There are 2 protein chains.
Amino acid sequence: MARAATTTDAFNAVAEPRRRQIIDVLAGGECPVNDLVDALGLAQPQVSKHLRVLREVGAVDVRNDGRQRLYRLNGHALKPIHDWVKQYERTWSERFEALDDVLEELTEEEN
Amino acid sequence: MARAATTTDAFNAVAEPRRRQIIDVLAGGECPVNDLVDALGLAQPQVSKHLRVLREVGAVDVRNDGRQRLYRLNGHALKPIHDWVKQYERTWSERFEALDDVLEELTEEEN
DNA sequence: TTGACACATACCCATATGGGAATATGATTG
DNA sequence: CAATCATATTCCCATATGGGTATGTGTCAA
């Protein structure tokens, strides 16, 4: 089997830096393809193809406006990523480490 | 250009579900390869290859123990993913939506 | 030393990728 | 209708993938 398709899920779609860039730009609000082309400094077909991937995983929505197509972020598609990675926040977060210390102290006091 | 290597960064490494599974298992504590083989129901060479990818992006550490190699999670490598995706939490979180409402009300009161 | 065990690496292969370039589609304007 | 603008799709290609299978490497036991 080959690598999973980029359109398989948000994890795969977002592994590509250009697509994260697109999402970052769209975070600033709805915007047409050409604005993204300018923002990314990438050729238009490439941008359209990345947008297609993002659409297929539900990370963006489109709407027609004259000859333009306005893309909008749908961050909800990113929730599974957040949910998964959040479990590991304690691994690096000082806040969580501090919490762990406190809990350990409490446990020791009990004994 | 082809797709970025899985070893490019944590985003790419973690796009593969098996590798997320491995991380999930290792969250329970240090463990030898064979335990992962059993847990994933995957052939041993495949597991070793996935572990190599995780090692190259720094998501796991290894340590020799007799004829075994004990792998341990290094969640710090996942921080960039968390940092990036966290920005979009407001998109789906009701808590953030409520906060947005409050901020909007305050702005209106000022005017 | 010879097995046996735990693990890593090498090789084969079908497959999808992302960029480049050309072209198609669809809406607007003249 | 023709020309133009905004975007999508198609084709080409080098490349790395992930699983399967076979084999290499290092450690321990008899």
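Throughout, protein chains are lettered first and strands after them, A, B, ... in sequence-line order, and every chain is numbered starting at 1. Worth saying up front: this structure is predicted, and the values here are computed from it rather than measured.
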Undergrad: Checking A:R19 side chain against A:V14 main chain: does a donor-acceptor pair fall under 3.5 Å?
TA: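 Side chain of A:R19 to backbone of A:V14, a donor-acceptor pair under 3.5 Å: no, none is there.
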Undergrad: In whole angstrom, give the distance that lies between atom CG of A:L42 and atom C1' of C:dG18.
TA: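 Interatomic distance, CG of A:L42 to C1' of C:dG18: 9 Å.
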Undergrad: Measure distances between side-chain N and O atoms of B:Q44 and base N and O atoms of C:dA6, and say whether any donor-acceptor pair falls under 3.5 Å.
TA: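 No, the side chain and the base share no sub-3.5 Å donor-acceptor pair.
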Undergrad: For B:Q46 and D:dT17, what is the distance between atoms CD and C1' respectively, to the nearest whole Å?
TA: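 Rounded to whole Å, this separation is 12 Å.
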Undergrad: Look at the side chain of B:R72 and the backbone N and O of B:D61, then say whether any donor-acceptor pair between them is shorter than 3.5 Å.
TA: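 Side chain of B:R72 to backbone of B:D61: no pair is present.
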Undergrad: Of the nucleotides D:dT7, D:dG19, C:dA8, which one has an atom closest to the side chain of B:S48?
TA: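 Within the option list, the nearest is C:dA8.
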Undergrad: Starting from C1' on D:dA6, measure out to CG on A:D38 and report it in whole angstrom.
TA: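 From A:D38 CG to D:dA6 C1': 12 Å.
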Undergrad: Determine whether B:T6 and A:R3 satisfy the following criterion, side-chain contact (heavy atoms from CB on, under 4.5 Å), listing intermediate values before the conclusion.
TA: CA-CA 9 Å; B:T6 54; A:R3 202 164 167 182; 3.6 Å; yes
Undergrad: What is the distance, rounded to the nearest whole Å, between atom CD of B:Q21 and atom C1' of D:dG18?
TA: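 Rounding to the nearest Å, CD of B:Q21 and C1' of D:dG18 are 14 Å apart.
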Undergrad: Are a donor atom and an acceptor atom from the side chains of B:Y88 and A:D24 found within less than 3.5 Å of each other?
TA: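 The answer is yes; a qualifying pair exists.
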Undergrad: Which part of the nucleic acid, if any, lies within contact of B:T6, taking any heavy atom under 4.0 Å across all strands shown: a base, the sugar-phosphate backbone alone, or nothing?
TA: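 Touches sugar-phosphate only.
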Undergrad: Could you check how far CD of A:E30 sits from P of D:dA6, rounded to whole Å?
TA: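 In whole Å, D:dA6 P lies 17 Å from A:E30 CD.
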Undergrad: Look at the side chain of B:R52 and decide which nucleotide, out of C:dT9, D:dT7, D:dG19, has an atom nearest to it.
TA: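 The answer is C:dT9, which lies nearest to the side chain.
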Undergrad: Can you tell me if B:N34 touches the phosphate of C:dC7, counting only side-chain N or O atoms and a distance under 4.0 Å to OP1 or OP2?
TA: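 Yes, B:N34 has a side-chain N/O under 4.0 Å of OP1/OP2 on C:dC7.
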Undergrad: From the set C:dT9, D:dT9, D:dG18, return the single nucleotide nearest to any side-chain atom of B:R19.
TA: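 Side chain of B:R19 sits closest to D:dG18.
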Undergrad: Are the side chains of B:E30 and B:R63 in touch, meaning some heavy atoms are under 4.5 Å apart?
TA: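 Result yes, sub-4.5 Å side-chain heavy-atom pair found.
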Undergrad: With nearest nucleotide decided by heavy atoms, which residue, A:P45 or B:N12, maps closer to the 5′ end of DNA chain D?
TA: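 Nearest-nucleotide comparison on DNA chain D picks A:P45.
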Undergrad: Which listed nucleotide (D:dA8, C:dG19, C:dC7) is nearest to the side chain of A:E16?
TA: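 The closest nucleotide is C:dG19.
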Undergrad: Judged by each residue's nearest nucleotide on DNA chain C, which is more toward the 5′ side, A:M1 or A:T7?
TA: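 So the residue in question is A:M1.
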Undergrad: Between C:dG18, C:dA8, D:dG19, which nucleotide has the shortest distance from any of its atoms to the side chain of B:V33?
TA: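 Among the listed nucleotides, the one closest to the side chain of B:V33 is C:dA8.
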Undergrad: Is there a donor on the side chain of A:Q68 or the base of C:dA27 sitting less than 3.5 Å from an acceptor on the other?
TA: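 Answer is no: no donor-acceptor pair is held.
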Undergrad: For A:E56 and C:dA16, what is the distance between atoms CD and P respectively, to the nearest whole Å?
TA: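 To the nearest whole Å, that distance equals 13 Å.
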Undergrad: Considering only side-chain heavy atoms of B:K49, which listed nucleotide, C:dC11, D:dT15, C:dG19, is closest?
TA: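 Looking only at side-chain atoms, B:K49 lies closest to C:dC11.
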Undergrad: Can you measure A:L54 atom CG to C:dT17 atom P for me and round it to whole angstrom units?
TA: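 It works out to 13 Å between those atoms.
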Undergrad: Starting at the 5' end of DNA chain C and moving along, which residue's nearest nucleotide shows up first, B:A4 or B:R55?
TA: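 The 5'-side residue here is B:R55.
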Undergrad: Among C:dG19, D:dA8, C:dA8, which is the nearest nucleotide to the side chain of B:R69?
TA: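 The closest nucleotide is C:dA8.
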Undergrad: Please determine whether a side-chain nitrogen or oxygen atom of B:Y71 lies at a distance below 4.0 Å from atom OP1 or OP2 of C:dA6.
TA: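 Negative; the distance criterion is not met.
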Undergrad: Does the side chain of A:R3 get closer than 4.0 angstrom to OP1 or OP2 of D:dT15 through an N or O atom?
TA: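 Answer is no, no contact under 4.0 Å.
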Undergrad: Of the candidate nucleotides D:dG19, C:dC7, C:dG18, which contains the atom at the shortest distance from the side chain of A:H50?
TA: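 My answer, after comparing the listed nucleotides, is C:dG18.
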Undergrad: Working note: B:R20 + B:E16, criterion salt bridge (charged side-chain N to carboxylate O under 4.0 Å, His left out); need CA distance, chi angles, decisive distance, verdict.
TA: CA-CA 7 Å; B:R20 288 200 300 279; B:E16 166 66 31; over 6 Å; no
Undergrad: To the nearest Å, give me how far apart CG (A:L51) and C1' (D:dT7) are.
TA: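 Taking CG of A:L51 and C1' of D:dT7, I get 10 Å after rounding.
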Undergrad: Of the nucleotides C:dT17, D:dA29, D:dT7, which has the atom closest to the B:R67 side chain?
TA: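 Shortest atom-to-atom distance from the side chain points to D:dA29.
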